[in-house]
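Everything below concerns the one structure shown next.
Only this structure's heavy atoms are used, side chains among them; waters, hydrogens and symmetry mates stay out. Everything numeric here is computed off the predicted structure, so don't read it as measured data.
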Amino acid sequence: MHSDRRPRLTPAIADVRRAVRTALAALLAANAKTGSTSSASHETATGPEPLVLVALSGGPDSLALAAATAFEAPKAGVRAGAVIVNHNLQDGSADVAAAAAQQARDLGLDPVDIRSVHVGDAGGPESAARDARYAALTAAAAEHGAVRVLLGHTLDDQAETVLLGLARGSGAGSLKGMAADTGEYLRPLLAVGRATTVQFCTDSAIVAWNDPHNLDTSYTRVRVRQTILPLLESELGPGIREALARTADQAREDAEALDHFAEEMAEDLAEISEAGISLPVRALAANPAALRQRLIRLAVFSEFQVSLSRTHTLEIARLVTGWRGQGPIDVPGVRVERRENLLHFSAHSEERDAV
């Protein structure tokens, strides 16, 4: 049905296809450079064709992404399939998933995989649904040997993510927003607005599903989308979404550079023993706060798989910058103490202290 239909090339269709084409070209270039291919790549006369899977909900963003990928992937020498996650959170969700799967088949995507998941309640409904969805996407990619799962996040989603990070006071880690390519997930549409994906579907004569959860203001992201961003645009002028997306790009560049420097320094500075890990106080004190705090977080995470909050990180850093003979500091799972010229980290638990 789809293969014989060639919609008129409108600006919206051109923009989405261009974004997908650029993303696939970058992916292939990266794979060629590293020599990586999918373990389940399909062999052809010219060599292996990597497989990508589009995460398809049936909404306008993912449907536009699926249609553009179906058009661009064969020209790029890439196989394209789809994975649909049924969260089982609404009546009729199985029918919605089945309809999205049929749309994927009509577009020519193959394989098409429906994953049914159970959403728990850990971390709240948004977080729990996201965790279940990503676990299903990861499992589907592994089973089919896909080199990437393509996600339909748009420029609007990026702007919302940055605003939510600002509201939490999460620092550059959240302000950098979503990465275009994580090595597992690929987001080709981060520079494309949601209005463009909606217009793409209209211009292509494909009917998108509108998730009622996107209108439910009990979700924080929906309130940001429906109230906060429009208010900012009304009061400050147009271009807020683009400005927030640019902020994410700049924050990501800075954060990645600092993380890289911290990792290189940690290899030289860290002293690892059976009792834990140590960092030299003099080296920590000589570095800017951004690097010092990254070194502390990196040491704790690499040795104990504990992610420190900013509050805990600053408390530990005071053993370097505000040393007055303080005793050990206990943070979740870790004890930190200054031993002359070393900041020493060791495992800490109530059970151990009780012995």
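At least one test fails for R148 against the ring of Y185: distance under 6.0 Å to the centre or angle within 45° of the axis.
In this structure, CD1 in I13 is found 12.0 Å from CZ in R18, a value given to the nearest 0.5 Å.
Nearest heavy-atom pair across I277 and A270 is CD1-CB, 3.9 Å. Residues A139 and R115 share a closest heavy-atom pair of CB-NH1, 3.8 Å. Between V16 and A64 the shortest heavy-atom distance is CG1-O, 3.9 Å. Shortest non-hydrogen contact noted between L291 and L258 is CD2-O, 3.7 Å. In this structure, I114 and A97 approach most closely via the heavy-atom pair CD1-O, 3.9 Å. For the residue pair V222 and N214, the shortest heavy atom distance occurs at CG1-O, 3.4 Å.
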> How far apart are the C-alpha atoms of K75 and E72, what are their side-chain angles, what is the distance that settles it, and do they pass the salt bridge (charged side-chain N to carboxylate O under 4.0 Å, His left out) test?
Replying inline: CA-CA 5 Å; K75 298 192 296 181; E72 294 291 342; 3.7 Å; yes

>> Under the criterion salt bridge (charged side-chain N to carboxylate O under 4.0 Å, His left out), I'd like the reasoning laid out for R338 against E340: C-alpha separation, chi angles, the key distance, then a yes or no.
In response: CA-CA 6 Å; R338 180 162 170 168; E340 297 182 351; over 6 Å; no

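Checked by atom type, the side-chain pair N88/H118 shows no donor-acceptor distance below 3.5 Å. A donor-acceptor pair shorter than 3.5 Å cannot be found between the side chains of D249 and Q158.
Residues L244 and L229 form a side-chain contact, since some pair of their non-hydrogen atoms from C-beta on lies under 4.5 Å apart. The shortest side-chain heavy-atom distance between I329 and H312 does not fall under the 4.5 Å cut-off. The shortest side-chain heavy-atom distance between N86 and V117 does not fall under the 4.5 Å cut-off. Looking at heavy atoms from C-beta onward, L284 lies in side-chain contact with L343 at the 4.5 angstrom threshold. Between R310 and Q293, the closest side-chain pair of non-hydrogen atoms falls below 4.5 Å. Between I316 and L308 there is a side-chain heavy-atom pair separated by less than 4.5 Å.
Open room surrounds CZ on F261; 12 or fewer heavy atoms of other groups in view lie less than 6.0 Å from it.
Contact check on E160 versus R194 returns a salt bridge, with a Lys/Arg side-chain nitrogen under 4.0 Å from an Asp/Glu carboxylate oxygen. Using a 4.0 Å cut-off between charged nitrogen and carboxylate oxygen, D157 and R225 count as a salt-bridge pair.
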